Amino acid sequence: MRNLDENTITDAVLARLAQATDERLKEIVTSLVRHLHAFARETHLTEAEWEAGIRFLTEVGHITDEKRQEFILLSDTLGLSTLVTAMNHRKPAGCTEATVFGPFFVDNAPVYNNGDDVANGAQGEPCFVSGVVRGLEGEPVSGARIEVWQADEAGFYDVQYDNNDTHRARGVLHSLPDGRYHFRSIVGVPYPIPHDGPVGSMLDALGRHPWRPAHLHFMITAPGYERLVTHVFREDDRYLDSDAVFGVRSSLIAPWRQHASGTAPDGTHMTTPFATLEFDFVLNRAS
Ligand code: BEZ
Ligand code: FE
């Protein structure tokens, strides 16, 4: 194949893919090439713009390591993560909706008993969280593995602190025989996604802010049920309608109720004000 020009290059590349034996890979790369070429044609991409794009992706790669996943941030801020989540988690009405995973989950978080304080030293107003895990027919789900993770009052996850070696404001619990779960943590606050790298510069250049509304992350798994990765968002947060990563769903918004000092739901005498949050989860059947 020689003398390719702007009219023949796309078909030439697609023809070169014909011998790929992995059919799914072939389908994905074929579509990617078609869309990439269409994008360059539609925007009439200049060489300087192509170079800027390569520089940007190089910076995204350079800042990415095991603690900082700039490619996920890029996917999140372009809405790709929400699109992929939505397409892959179509559920019957009544199920708790899924939302983006985010980059701050870690494996091997400590296992707690119901009633424990998962904050484990993370700073913030105390918050007592409780609810029930059920299936679609209303059946309580006993022994569901509930992983929770959240930012502290400064808006940082434990993994964002230098030399951090303690799991704070994250943990694993199991629902009780009646499906209930309850734990103590801290009140979530709105926070900006990491924006000191190329994705932050991109948001700046586009006139976009990096803020997420206050939320708690949950991942719930139980035999016979589809894994649920979701958040619970705080009612009345100013960023609910402009989440930097497009993750908010109305069904996931709940009130964090404020209480003066006194007796907490678990009987603890609180000498400072505290909050409570109740949220029930409904799991889809495994397919
Ligand atoms: C998070 O909520 O932890 C998150 C999600 C997407 C991008 C950055 C952070
Ligand atoms: Fe988060």
Side-chain angles (χ1 to χ4, degrees), residues 59-61 63-86 88-89 96-107 109 118-120 122-125 127 129 146-161 164 167-172 183 185-204 206 208-220 227-235 237-254 256 277 279 281:
E59 284 169 25
V60 170
I63 202 173
T64 295
D65 60 21
E66 65 284 348
K67 287 211 164 145
R68 171 82 180 243
Q69 231 308 349
E70 196 79 357
F71 282 104
I72 293 185
L73 283 186
L74 181 58
S75 164
D76 292 342
T77 51
L78 295 180
L80 179 62
S81 307
T82 286
L83 172 60
V84 172
T85 300
N88 286 281
H89 297 279
T96 303
E97 294 185 277
T99 189
V100 292
F101 204 89
F104 296 125
F105 173 80
V106 298
D107 276 322
V118 309
N120 194 27
Q123 296 299 299
E125 182 184 352
C127 183
V129 185
I146 303 169
E147 304 216 26
V148 58
W149 66 104
Q150 68 166 111
D152 65 13
E153 68 180 6
F156 294 117
Y157 288 79
D158 52 4
V159 290
Q160 292 178 280
Y161 287 99
N164 169 72
H167 295 290
R168 294 201 171 90
R170 67 173 73 240
V172 181
F183 62 91
S185 188
I186 50 177
V187 171
V189 297
Y191 65 84
I193 63 169
H195 58 110
D196 56 344
V199 169
S201 305
M202 177 190 80
L203 294 179
D204 246 9
L206 294 170
R208 287 176 53 184
H209 73 68
W211 289 83
R212 298 215 65 205
H215 58 273
L216 246 64
H217 293 257
F218 285 92
M219 175 160 75
I220 305 183
R227 184 180 84 164
L228 172 65
V229 175
T230 195
H231 303 1
V232 179
F233 292 94
R234 186 176 180 179
E235 190 179 82
D237 191 288
R238 61 190 289 210
Y239 297 112
L240 283 171
D241 289 312
S242 65
D243 180 9
V245 305
F246 307 98
V248 179
R249 315 206 59 82
S250 301
S251 66
L252 302 177
I253 300 172
W256 263 246
L277 164 68
F279 199 85
F281 297 96

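Residues: numbered from 1 along the sequence shown. Remember, predicted model here, so these are calculated numbers, not experimental data. Both ligands and their constituent atoms are indexed starting at 1 by order of listing.
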Under 4.0 Å from a heavy atom of Gly102: give me the atoms of ligand 1 that qualify, with their elements.
4 (C), 5 (C), 6 (C)
Using a 4.0 Å cutoff against the non-hydrogen atoms of Ile193, which atoms of ligand 1 qualify?
7 (C), 8 (C), 9 (C)
For atom 7 (C) of ligand 1, what's the nearest protein heavy atom and its distance?
Asp76 OD2, 3.1 Å
For Val245, the ligand 1 atoms whose distance to one of its heavy atoms is below 4.0 Å:
6 (C), 7 (C)
Just one of Arg249, His231, His89 clears the side-chain hydrogen bond (donor to acceptor under 3.5 Å, both in side chains) bar with Glu97, so which one?
Arg249
Less than 6.0 Å separating the ring centroids of Tyr239 and His209?
yes
In terms of its nearest heavy atom to atom 1 (C) of ligand 1, the top option of Tyr191, Phe101, Tyr157 is Tyr191
Rounded to 10 degrees, the angle NE2 of His215 makes with OH of Tyr191 at the Fe ion (ligand 2)
100°
Could you report the tightest heavy-atom contact between Leu240 and Arg234, atom names first, then the distance?
CD1-O, 3.8 Å
Apply the test side-chain contact (heavy atoms from CB on, under 4.5 Å) to residues His215 and Thr99: give CA-CA distance (whole Å), side-chain angles for both, the deciding distance (0.1 Å), then the verdict.
CA-CA 11 Å; His215 58 273; Thr99 189; over 6 Å; no
Contacting atoms of ligand 1, where contact means under 4.0 angstrom from a heavy atom of His217:
1 (C), 2 (O), 3 (O)
Which of the numbered atoms in ligand 1 are below 4.0 angstrom from a heavy atom of Leu73?
7 (C), 8 (C)
Using ring centroids (six-membered ring only for Trp), state whether His167 and Tyr157 fall under 6.0 Å.
no
Presence of N, O or S from His217 under 2.8 Å of the Fe ion (ligand 2)
yes
Taking every non-hydrogen atom, the tightest pair across Arg170 and Asp158
NH2-OD1, 2.7 Å
Determine, using ring centers only, whether Trp149 and Phe105 are less than 6.0 Å apart.
yes
Looking only at protein heavy atoms, what sits closest to atom 4 (C) of ligand 1 is Pro103 CD, 3.5 Å
